[in-house]
**Student:** 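First, the structure itself, so that you have it in front of you.
Worth knowing before you read on, the calculation uses all heavy atoms, side chains too, and leaves out hydrogens, waters and symmetry mates. Residue numbers begin at 1 in each chain, while the letters A, B, ... track the order of the sequences.
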Amino acid sequence: MKHLIEQLVGSALAALPPGTLPGDRPAGVPVVERTRDAAHGDFACNAALQLAKAARTSPRKLADAIVAALPPSDLVSRVEIAGPGFINFFLAPAAYQTEIARVLDAGKAYGRTASGSSRRAIVEFVSANPTGPLHVGHGRHAAFGATLANLLEAAGYGVHREYYVNDAGRQMDILAASVWLRYLELCGEEFAFPSNGYRGDYVRRIAADLEAAEGGRLRRATHEVFEALPPDEPAGGDKDDHIDAVVHRMRSLLGDADFRRVFDLGLGDILGDIRQDLEEFGVTYHRWYSERSLADEGAIDRALALLREQGHVYEQDGAQWFRATAFGDEKDRVVVRENGQKTYFASDIAYHLEKRERGFDLLLDVLGADHHGYVARVRAGLEAMGQPGDSLEVRLVQFVTLFRGGEKVQMSTRSGEFITLRELRREVGRDAARLFYVMRSNDQHLDFDLELAKSRSNDNPVYYVQYAHARVSSVLRQLADRGLAFDREAGVAALGLLDDPHEQSLMRTLTRWPELVDLAAAQRAPHMVVHYLRELATAFHAYYNALPFIVDDGAVRNARLALVLAAQQVVRNGLEILGVSAPETM
RNA sequence: GCCCCGGUAGCUCAGUGGAUAGAGCGGCCGCCUCCUAAGCGGCAGGUCAUAGGUUCGACUCCUAUCCGGGGCACCA
């Protein structure tokens with residue numbers, strides 16, 4: 001509907017007498033927006049205010065000229081100039097009526113727009129190291145990333161969802177060592193578990209699987225394992241040196257093949273768990289991209305070669321550095337360490353280059369707020385490799401704090417006492433979790449209230465919105481119980497009868513949905529969908545309480561039913577984007 | 001020191017440079033013989049952190065300052 005007004009204003013501006021306006025119009029003009037106050041009509045345009053200066057006239061006079069040049073439209077009933085020079089548009093009832101009919105016709109496609117114009121976007125999110133189960137922080141990433149991807153898709157982007165699996169590197173080696181040490185314990189060995197090892201119960205579970213599969217074949221004596229290793233922190237040493245030595249010893253005692261066997265068992269188990277967890281959360285991916293495969297297929301070497309060819313790599317202190325400062329980063333970055341190992345950063349830029357090579361226009365990464373420093377360097381890497389730096393867009397997600405009632409739930413990763421996503425889902429349910437996670441802007445720290453998320457009360461926005469959907473279904477059941485059926489044609493034909501303020505308000509709100517999708521997608525702002533749905537539910541509940549739908553007058557009845565069915569459709573479409581169910585009954 | 005995010009009603013938060021700054025919760029007062037009261041209506045509640053600046057117009061943009069969170073690795 002907004003599009004219609006924009007077209008009208010566009011043609012009016014083009015039809016102004018030559019010389020009225022300077023040749024070049026500033027970008028973003030004219031702006032057409034919904035009015036906040038119904039007294040100002042349905043849409044307002046500020047073109048006269050923005051262009052008056054350049055046109056060397058007063059805003060009111062320019063507004064007069066624009067209005068005079070507006071092409072006639074039977075969907076606009078009235079145009080007013082108000083305030084300092086706003087042009088206010090009052091839509092004709094027919095405009096809303098055709099839009100309601102459009103909602104019913106389009107069904108779940110209502111709100112899908114083409115503004116993304118088929119740009120191909122790859123959205124990478126969660127990508128947690130497979131060293132343990134997902135915790136509540138990852139849950140926010142999952143919900144935010146999945147909803148953002150859905151939004152972009154609705155706005156016409158071609159969207160690919162990807163999880164980058166860090167299945168190489170030191171942390172995974174430490175996990176493998178942790179599993180093996182727990183296995184040795186099961187075999188009867190006794191020793192002090194490294195302070196930097198992974199201590200969660202899941203490690204013991206994987207160790208038990210290892211024991212079941214291998215028996216005592218991989219057992220080595222404690223003295224063999226720990227002999228002459230640098231001391232752990234409690235013994236006055238360095239915990240990193242210690243755990244690295246344990247990994248090294250494990251590799252030499254078991255050999256590469258068996259080391260890999262333990263490693264893969266841990267990786268497979270945890271990754272499978274993460275995958276199942278996310279699936280149960282309604283979060284799925286097109287691809288789980290293996291970091292190891294990057295190295296195996298030479299992608300990292302190719303990226304580094306590309307950097308060298310361009311002359312952006314130099315050697316210093318035995319390491320190889322990428323001249324990131326030449327591309328706006330604050331310092332140069334090591335790509336190959338003194339010991340010959342490629343850094344995590346090297347595989348990162350290789351991965352992002354590979355994303356570009358797969359043809360994606362927009363590389364959208366969802367990362368924790370603590371990763372912000374990483375943006376400039378990957379962008380620098382892309383540019384150095386001849387890719388546009390702004391093809392990478394990073395959305396940072398702030399931290400989550402759990403509350404139970406008014407009490408903050410203490411969490412500590414160190415002690416292993418962190419709450420997992422699975423536990424949270426079991427406690428509050430998938431729908432509440434999905435909605436609560438994206439209720440706040442990603443830039444905002446999130447206080448997640450478990451009691452509120454669980455409460456079956458009017459305080460809980462999940463139920464409030466779902467209830468609106470269920471109520472419409474309930475009305476339809478009542479209709480059937482009374483031996484009546486909804487006549488869509490009759491309803492659409494009679495929409496002109498809906499002149500109650502509650503009906504007007506509901507129509508205005510629900511027809512805003514396509515605009516909301518565009519806006520929320522453009523702003524990468526899933527929380528806008530939640531706020532909108534709450535507003536839509538409010539308009540619906542108010543209507544529900546004010547007027548009966550199942551009335552004797554068939555025309556009025558069918559018209560009202562057409563309206564509430566359209567509202568239900570929009571609620572369902574919105575919940576779909578959020579990954580929240582739309583129940584028929586509560 | 002440098003970089004990122006936040007500071008808006010008692011609380012939790014919305015607010016694409018526009019008209020009188022909004023919502024939910026909490027507080028107070030009301031509404032079920034009627035399609036689900038998991039609902040609805042009303043009232044009270046604000047120096048938009050502070051000080052400058054840009055603009056016809058600033059919660060929104062710029063600069064500085066204060067407060068809170070996070071980041072500044074040859075870690076992942």
Side-chain angles (χ1 to χ4, degrees), chain A residues 28 31 33-37 39-40 44 46 49-50 52-53 58-59 82-86 88 129 131 166 168-172 174 240 291 316-321 330-331 333-345 347-348 368-376 394 396 398-399 403 406 439-447 449 452 455-464 466-468 470-479 481-482 515 518-519 522-523 525 527-528 530-532 534-535 537-538 540-551 560-561 564 585-586:
Chain A
V31 172
E33 55 189 2
R34 292 271 181 169
T35 58
R36 212 170 43 217
D37 186 341
H40 297 140
N46 65 359
L49 289 161
Q50 295 192 302
K53 196 169 201 178
S58 76
F86 291 106
N88 292 334
N129 284 347
T131 53
N166 295 116
R170 179 169 172 265
Q171 292 306 318
M172 287 306 297
I174 294 176
D240 285 307
E291 178 188 0
Q316 188 183 311
D317 304 331
Q320 293 182 39
W321 298 69
E330 55 190 15
K331 55 182 77 166
R333 306 291 173 177
V334 171
V335 285
V336 182
R337 286 196 259 162
E338 199 179 357
N339 64 13
Q341 281 189 338
K342 289 150 205 152
T343 59
Y344 181 81
F345 171 65
S347 48
D348 248 359
D370 53 340
H371 280 67
H372 102 85
Y374 147 117
V375 182
V394 176
L396 300 175
Q398 297 287 333
F399 300 134
F403 283 81
M439 194 160 54
R440 304 298 178 218
S441 158
N442 57 294
D443 285 336
Q444 194 77 238
H445 289 245
L446 176 66
D447 289 343
D449 189 332
L452 179 60
S455 76
R456 313 184 126 253
S457 75
N458 44 357
D459 308 359
N460 189 336
V462 181
Y463 289 101
Y464 186 77
Q466 288 182 321
Y467 187 34
R471 267 185 153 173
V472 177
S473 297
S474 170
V475 168
L476 291 184
R477 286 192 294 272
Q478 287 287 331
L479 190 70
D481 287 349
R482 298 188 200 182
E515 294 156 37
D518 272 350
L519 185 63
Q523 313 255 318
H527 70 275
M528 285 184 168
V530 179
H531 287 275
Y532 170 79
R534 207 204 285 237
E535 194 181 330
T538 297
F540 169 78
H541 287 308
Y543 182 33
Y544 182 97
N545 267 50
L547 296 170
F549 309 149
I550 304 176
V551 293
R560 288 180 178 170
L561 290 172
V564 296
T585 59
M586 294 301 280

**Student:** Side chain of His541(A), base of C40(B): donor and acceptor closer than 3.5 Å?
**Tutor:**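 No.
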
**Student:** Rounded to whole Å, how long is the line connecting atom CG of Asn545(A) with atom P of C35(B)?
**Tutor:**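 Going from Asn545(A) (CG) to C35(B) (P), I get 11 Å.
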
**Student:** Has the side chain of Asp348(A) got a donor or acceptor that lies under 3.5 Å from a partner of the other kind on the base of A76(B)?
**Tutor:**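 No, the side chain and the base share no sub-3.5 Å donor-acceptor pair.
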
**Student:** Please determine whether a side-chain nitrogen or oxygen atom of Tyr464(A) lies at a distance below 4.0 Å from atom OP1 or OP2 of C40(B).
**Tutor:**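 Checking C40(B) against Tyr464(A), a side-chain N or O does come within under 4.0 Å of OP1 or OP2.
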
**Student:** Side-chain N or O of Arg36(A) less than 4.0 angstrom from OP1 or OP2 on A23(B)?
**Tutor:**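 No, no such contact exists.
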
**Student:** With no hydrogens and no angle check, is any side-chain donor or acceptor of Asn339(A) less than 3.5 Å from a backbone partner on Gln341(A)?
**Tutor:**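 At least one qualifying donor-acceptor pair exists.
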
**Student:** Can you tell me if the side-chain N/O atoms of Arg333(A) get under 4.0 Å from OP1 or OP2 in A73(B)?
**Tutor:**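 For A73(B), neither OP1 nor OP2 has a side-chain N or O of Arg333(A) closer than 4.0 Å.
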
**Student:** Taking all non-hydrogen atoms of both residues into account, name the closest pair between Tyr464(A) and Arg534(A) and its distance.
**Tutor:**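 For Tyr464(A) versus Arg534(A), the nearest heavy atoms are CE2-O, 3.7 Å.
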
**Student:** With a cut-off of less than 4.0 Å, is there a side-chain N or O of Gln50(A) near OP1 or OP2 of G18(B)?
**Tutor:**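 Answer is no, no contact under 4.0 Å.
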
**Student:** Side chain of Gln523(A), base of U16(B): donor and acceptor closer than 3.5 Å?
**Tutor:**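 Donor-acceptor pair under 3.5 Å: no.
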
**Student:** Between the base of G6(B) and the side chain of His445(A), is one N or O donor paired with an acceptor at under 3.5 angstrom?
**Tutor:**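 By the distance-only test, no, there is no pair.
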
**Student:** Using Watson-Crick or G-U wobble geometry with both distances below 3.5 Å, tell me the partner of G41(B), or none.
**Tutor:**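 WC or wobble partner is C29(B).
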
**Student:** From CG of Leu446(A) over to C1' of G69(B), roughly how many Å is that when rounded to an integer?
**Tutor:**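 Result: 14 Å.
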
**Student:** Once you round it to whole Å, what is the distance between P of C13(B) and CD of Gln444(A)?
**Tutor:**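 Rounding to the nearest Å, CD of Gln444(A) and P of C13(B) are 5 Å apart.
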
**Student:** Which of these nucleotides, G18(B), C35(B), G71(B), is closest to any side-chain atom of Ile550(A)?
**Tutor:**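 Of all the options, the side chain of Ile550(A) is nearest to C35(B).
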
**Student:** Below 3.5 Å, does any donor atom in the side chain of Asn46(A) face an acceptor in the base of G18(B), or the other way round?
**Tutor:**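 Under the 3.5 Å cut-off, the side chain and the base do form a donor-acceptor pair.
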
**Student:** Pick the P atom in U36(B) and in C40(B), then give their distance to the nearest Å.
**Tutor:**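 Result for the P pair: 15 Å, nearest Å.
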
**Student:** Can Phe399(A) be called stacked on G70(B) when the rule is centres closer than 5.5 Å and an angle between planes below 30°?
**Tutor:**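 No, Phe399(A) does not stack on the base of G70(B), since the centre distance and plane angle fail the 5.5 Å and 30° test.
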
**Student:** Which residue lies toward the 5' end of RNA chain B, Gln171(A) or Ala546(A), if each is placed at its nearest nucleotide?
**Tutor:**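 With Gln171(A) and Ala546(A) compared, the 5'-side residue is Ala546(A).
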
**Student:** Without decimals, in angstroms, what is the distance between His531(A) NE2 and G24(B) C1'?
**Tutor:**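 After rounding, the reported distance stands at 9 Å.
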
**Student:** Think Ser474(A) has a side-chain N or O under 4.0 angstrom from the OP1 or OP2 of U36(B)?
**Tutor:**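 Ser474(A) to U36(B) OP1/OP2: side-chain N or O found under 4.0 Å.
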
**Student:** Here's a test of your reading of the structure: between Tyr467(A) and Thr538(A), which maps to the more 5' nucleotide of RNA chain B?
**Tutor:**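 Taking each residue's closest nucleotide, the earlier one in sequence belongs to Tyr467(A).
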
**Student:** Please check this pair: side chain of Arg560(A) against backbone of Pro548(A), looking for a donor-acceptor N/O pair closer than 3.5 Å.
**Tutor:**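 Such a contact is found between Arg560(A) side chain and Pro548(A) backbone.
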
**Student:** In whole angstrom, give the distance that lies between atom CE of Met439(A) and atom C1' of C11(B).
**Tutor:**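 Computing the Met439(A):CE to C11(B):C1' distance gives 13 Å.
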
**Student:** Within the structure, does a side-chain N or O atom of Gln398(A) lie under 4.0 Å from either OP1 or OP2 of C4(B)?
**Tutor:**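 False: Gln398(A) side-chain N/O out of range (4.0 Å or more) of C4(B) OP1/OP2.
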
**Student:** Compare side-chain N and O positions of Lys331(A) against OP1 and OP2 of C2(B) and report whether any pair is under 4.0 Å apart.
**Tutor:**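 For C2(B), OP1/OP2 do not have a side-chain N/O of Lys331(A) under 4.0 Å.
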
